[in-house]
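Please read the structure below before turning to the comments.
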Amino acid sequence: MSKTETEKKRPPPVKVLSSQLRTAENCGDSYCVRPGKGRSLLVSLVWMQGTVMEVQLDRDSVLLMDETGTFTVQGVNGIPKGKPCLSPGKYVMVMGVIQAASPEPRVRAVKMADLSELAALHRRTWKLEVEELQQVLA
């Protein structure tokens with residue numbers, strides 16, 4: 001099966017917080033995220049948001065921080081329109097495939113977007129968006 005066929009079969013991205021990935025269990029091709037008591041979600045493609053803390057173009061990565069902790073995003077040099085997102089202080093959205101959950105979540109970027117213009121609004125609503133989507137999915 002080609003990579004594009006695999007990606008077509010992959011479910012849509014799930015909004016998650018870095019703390020949820022940190023405690024997720026590896027379940028083969030995906031990770032088991034626990035959004036609440038007795039509930040779990042199988043996740044492989046994530047949608048995360050955070051503030052750029054550190055950019056390491058030589059390592060093709062960026063360190064982001066959401067309200068629950070830090071996470072690393074890799075493959076940033078190959079993201080179309082991703083370069084404007086790569087400066088400390090920017091508030092960005094990242095869609096990507098989970099590469100590792102703990103001790104530090106690591107995601108391979110598929111898409112990035114700069115949300116800095118409305119960062120205050122995005123920061124305020126992000127945790128609520130994550131909770132709402134996970135309640136619907138779990």
Side-chain angles (χ1 to χ4, degrees):
M1 185 181 304
S2 74
K3 184 177 178 184
T4 53
E5 287 173 19
T6 303
E7 286 175 357
K8 285 178 189 171
K9 291 182 181 183
R10 187 175 277 138
V14 176
K15 296 176 181 180
V16 297
L17 300 169
S18 64
S19 61
Q20 292 177 308
L21 279 189
R22 217 171 258 101
T23 59
E25 296 173 37
N26 191 333
C27 297
D29 290 345
S30 4
Y31 285 81
C32 188
V33 172
R34 304 214 181 275
K37 294 180 183 127
R39 298 184 303 146
S40 63
L41 287 171
L42 277 180
V43 178
S44 60
L45 188 62
V46 294
W47 174 340
M48 299 176 78
Q49 290 181 187
T51 303
V52 176
M53 303 304 290
E54 185 179 319
V55 179
Q56 296 181 322
L57 292 180
D58 57 325
R59 297 171 110 186
D60 197 20
S61 71
V62 63
L63 180 69
L64 299 184
M65 183 167 73
D66 67 14
E67 61 188 75
T68 65
T70 58
F71 59 100
T72 300
V73 179
Q74 294 186 304
V76 296
N77 293 334
I79 299 300
K81 301 182 185 175
K83 293 283 189 217
C85 301
L86 302 179
S87 31
K90 293 267 189 183
Y91 189 78
V92 300
M93 174 277 283
V94 175
M95 220 174 280
V97 179
I98 303 169
Q99 290 187 308
S102 64
E104 179 81 3
R106 194 172 66 242
V107 174
R108 181 178 48 82
V110 174
K111 179 181 180 177
M112 286 183 83
D114 186 354
L115 304 179
S116 298
E117 194 172 315
L118 297 171
L121 174 66
H122 289 296
R123 275 191 192 96
R124 269 197 317 272
T125 60
W126 180 240
K127 193 170 183 183
L128 298 172
E129 288 180 41
V130 171
E131 289 170 2
E132 181 181 40
L133 177 68
Q134 290 179 2
Q135 282 178 352
V136 169
L137 295 175

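- Listed by chain and number, the residues in a side-chain contact (heavy atoms from CB on, under 4.5 Å) with T23 amount to none (sequence neighbours excluded).
- The nearest pair of heavy atoms linking V73 to A109 is CG1-CB, 3.6 Å.
- Between the side chain of S18 and the backbone N or O of G69 there is at least one donor-acceptor pair closer than 3.5 Å.
- Among residues two or more places apart in sequence or in another chain, the side chain to side chain donor-acceptor pair (under 3.5 Å) test is passed with S61 by none.
- Among all heavy-atom pairs drawn from V130 and V16, the shortest one is CG1-CA, 4.1 Å.
- E54 places none of its side-chain heavy atoms less than 4.5 Å from the side chain of V62.
- Here H122 contributes atom NE2 and L115 contributes atom CG; the two are 4.5 Å apart, rounded to the nearest 0.5 Å.
- Remark: the backbone N or O of L57 is paired with a side-chain donor or acceptor of N77 at under 3.5 angstrom.
- Of all non-hydrogen atoms in P88 and V55, the two that sit nearest each other are CD-CG2, 4.1 Å.
- Put simply, the side chain of D66 never gets that close to the backbone of G50: no donor and acceptor are under 3.5 Å apart.
- In this structure, Q56 CD and L86 CG are separated by 12.0 Å, a value rounded to the nearest 0.5 Å.
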Cut-off 3.5 Å, no hydrogens considered: what does the side-chain donor-acceptor table look like for residues 91-102, sequence neighbours left out?
from	atom 1	to	atom 2	distance (Å)
Y91	OH	Q49	NE2	3.2

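- Looking only at side-chain heavy atoms (C-beta outward), S40 and V33 stay at 4.5 Å or farther from each other.
- Taking both residues in full, the closest heavy atoms of S19 and T68 are given as N-OG1, 3.1 Å, listed atom of the first, atom of the second, then distance.
- Checked against side chain to side chain donor-acceptor pair (under 3.5 Å), E67 has no partners two or more places apart in sequence or in another chain.
- The shortest non-hydrogen separation linking E104 to L63 is OE2-CD1, 3.7 Å.
- From L137, atom CG reaches atom CZ of R39 across 10.0 Å, with rounding to the nearest 0.5 Å.
- With hydrogens and angles ignored, the 3.5 Å screen pairs a side-chain donor or acceptor of Q20 with a backbone N or O of L17.
- How far CD of Q135 is from CG of L41: 11.0 Å, rounded to the nearest 0.5 Å.
- For E129, the side chain to side chain donor-acceptor pair (under 3.5 Å) partners at least two apart in sequence or on another chain are K15, T125.
- At least one donor-acceptor pair under 3.5 Å links the side chain of R22 to the backbone N or O of T70.
- Evaluation of the salt bridge (charged side-chain N to carboxylate O under 4.0 Å, His left out) test over residues 23-33, restricted to residues two or more places apart or in two chains, returns E25-R34.
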